[in-house]
Amino acid sequence: MKLLNHTFFLFLGTLFLFVSGQQANAQRPLDFEMKWKNGILVLTNGDTIRGAASITLPHDLVVITSADSTVTSAIPANIRSLEVSDEQMKVTYRLANGPIQQRRIYKTFIWDRDNAYSNFRSPALFVMLVSGKHSLLLREERYERAPGQGRNLGASAVGAVGGVMAEQVTRMAMNQFNLTEKFYLLSPNQELKWLRQPKKDLLAYFPEKKKEIMQFATQNNLSFTKPEHLARIVEFCNRF
């Protein structure tokens with residue numbers, strides 16, 4: 001009987017470790033590459049490089065292939081800005097085709113990797129959606145879809161990915177992957193605030209203007225989870 005009990009608890013322990021490992025893997029963003037026909041890379045040393053651009057996330061490796069076939073690689077620590085346009089092969093990871101898919105600007109900011117309890121900070125690239133007193137930034141991450149998940153995933157379905165409950169999930173043409181959009185608010189003192197739940201967190205940041213913000217969003221039929229919509233809301237907040 002003791003042997004059976006020991007075997008049973010050993011089985012439970014093994015099962016727990018297996019499930020934990022699977023969850024850990026599911027929470028780790030996958031590498032994926034975005035390509036752009038046109039890119040203008042400005043380095044911290046003042047050099048400007050033009051050509052076809054690619055970005056490999058989540059490591060933020062930028063590669064520029066110039067017209068003379070010269071290849072230049074750069075990491076966030078050496079990048080001041082990257083302007084890209086005319087995204088290529090986007091059908092393989094997104095179906096949405098808004099303004100930021102046609103043209104976008106990346107800039108480097110110091111980031112805690114969404115770990116507020118860690119002192120570790122490192123440079124990372126963010127898409128500038130709004131530049132102003134309060135800037136709105138965007139990062140995209142790609143995750144492998146858990147077995148059994150359907151093709152259409154709403155924001156609540158991202159709960160299995162690091163506890164994020166309100167990130168917008170873009171349905172992807174490749175069934176086994178999810179592309180998530182994570183929004184950040186850059187304060188006037190250059191502190192990054194992750195809008196884990198964009199509507200709730202943004203309203204909490206401007207508590208005295210909550211009524212005005214909600215009225216503006218409602219009157220203009222704006223969603224807090226769409227990049228171009230949230231950008232308009234943050235631009236409105238910058239009027240305060």
Side-chain angles (χ1 to χ4, degrees), residues 26-29 34 55 57-58 60 76 93-94 96 98-101 104-143 153-172 178-240:
Q27 294 172 5
R28 188 177 300 116
M34 291 185 290
I55 307 174
L57 300 174
D60 299 2
Y93 50 82
R94 77 165 99 248
I100 63 171
Q101 277 69 60
R104 59 172 64 180
I105 296 176
Y106 288 87
K107 289 191 176 181
T108 298
F109 296 93
I110 302 301
W111 183 33
D112 63 5
R113 306 284 164 176
D114 297 333
N115 187 353
Y117 300 101
S118 172
N119 292 324
F120 178 76
R121 303 287 191 276
S122 62
L125 290 177
F126 292 80
V127 181
M128 293 288 300
L129 296 179
V130 173
S131 179
K133 180 180 178 181
H134 294 90
S135 297
L136 180 64
L137 313 179
L138 167 73
R139 274 190 68 87
E140 294 171 308
E141 293 181 348
R142 190 181 190 183
Y143 293 93
L153 296 178
S156 62
V158 195
V161 183
V164 181
M165 296 304 295
E167 296 171 1
Q168 180 188 1
V169 180
T170 302
R171 182 168 63 89
M172 302 175 63
N178 295 331
L179 188 67
T180 72
E181 294 172 330
K182 302 173 68 174
F183 301 109
Y184 297 81
L185 194 68
L186 182 68
S187 68
N189 61 359
Q190 298 299 293
E191 289 187 1
L192 277 177
K193 176 178 175 55
W194 178 19
L195 301 179
R196 183 190 296 261
Q197 300 182 59
K199 181 178 180 179
K200 177 182 177 181
D201 293 343
L202 188 65
L203 293 178
Y205 191 87
F206 297 99
E208 297 179 356
K209 299 296 181 179
K210 179 178 178 179
K211 182 177 179 180
E212 290 91 333
I213 294 171
M214 284 302 303
Q215 185 176 21
F216 175 80
T218 301
Q219 289 178 346
N220 292 278
N221 195 28
L222 299 176
S223 165
F224 285 78
T225 57
K226 294 182 178 180
E228 61 274 19
H229 288 201
L230 188 59
R232 288 187 60 189
I233 295 171
V234 172
E235 287 173 346
F236 174 76
C237 294
N238 280 335
R239 301 176 190 173
F240 302 149

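Position 1 is the first residue of the sequence, and the numbers go up from there. Hydrogens, waters and symmetry mates are skipped; everything else that's a heavy atom, side chains included, is used.
Using a 4.0 Å cut-off between a side-chain N of Lys or Arg and a carboxylate O of Asp or Glu, Glu140 and Arg104 qualify as a salt bridge.
Residues Ser122 and Arg113 are in side-chain contact: their nearest non-hydrogen atoms beyond the backbone lie under 4.5 Å apart. No side-chain heavy atom of Leu57 sits under 4.5 Å from any side-chain heavy atom of Pro29. When side chains are defined from C-beta on, Asp201 does not count as touching Phe224, because their heavy atoms never get closer than 4.5 Å. Counting heavy atoms from C-beta on, the side chains of Glu181 and Lys226 never come closer than 4.5 Å. Counting heavy atoms from C-beta outward, Asp112 and Leu192 have side chains that stay 4.5 Å or more apart. The shortest distance between side-chain heavy atoms of Glu208 and Phe240 does not fall below 4.5 Å.
Closest of all the heavy-atom pairs between Leu136 and Pro227 is CD2-O, 4.5 Å. In this structure, Ile233 and Phe216 approach most closely via the heavy-atom pair CA-CE2, 4.1 Å. Summarising the geometry of Pro76 relative to Thr108, their closest heavy-atom pair is O-OG1, 3.2 Å, with the distance given to 0.1 Å. Ala204 and Pro207 make their closest contact through O-CD, 3.2 Å (heavy atoms, listed as atom of the first residue, atom of the second, distance). Annotation for Asn221 and His229: closest pair O-CE1, 3.7 Å, computed over non-hydrogen atoms. Residue Ile213 comes nearest to Cys237 through the heavy atom pair CD1-SG, 3.6 Å, listed as atom of the first residue, atom of the second, then distance.
Met34 contributes atom CE, which lies 10.5 Å from atom CZ of Arg142 (distance to the nearest 0.5 angstrom). To the nearest 0.5 angstrom, Glu228 atom CD is 9.5 Å from Leu222 atom CG. Separating the CG atom in Leu230 from the NZ atom in Lys199 is a distance of 12.0 Å, to the nearest 0.5 Å. Glu141 contributes atom CD, which lies 5.0 Å from atom OG1 of Thr180 (distance to the nearest 0.5 angstrom). Distance NZ/Lys210 to CG/Leu203: 6.0 Å, rounded to 0.5 Å. To the nearest 0.5 Å, atoms CG (Leu137) and CE (Met128) are separated by 5.5 Å.
Residue Asn115 qualifies as enclosed at atom CG: its count of foreign heavy atoms under 6.0 Å is above 12.
Considering only residues two or more places apart in sequence or on other chains, Asp114 meets the salt bridge (charged side-chain N to carboxylate O under 4.0 Å, His left out) condition with Lys182. Not counting sequence neighbours, the partners of Asn189 by the side chain to side chain donor-acceptor pair (under 3.5 Å) test are Ser187. Judged as a salt bridge (charged side-chain N to carboxylate O under 4.0 Å, His left out), and not counting sequence neighbours, Arg232 has no contacts.
Here the rule is ring pair (Phe, Tyr, Trp, His ring centres under 6.0 Å) with Phe126, and of Trp111, Trp194, Phe183 only Trp111 fits it.
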Legend entry - Evaluation steps, side chain to side chain contact (heavy atoms under 4.5 Å, CB included), between Phe206 and Glu212: CA-CA 10 Å; Phe206 297 99; Glu212 290 91 333; over 6 Å; no
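No donor-acceptor distance shorter than 3.5 angstrom exists from the side chain of Asp60 to the backbone of Ala124, with no hydrogens or angles considered.
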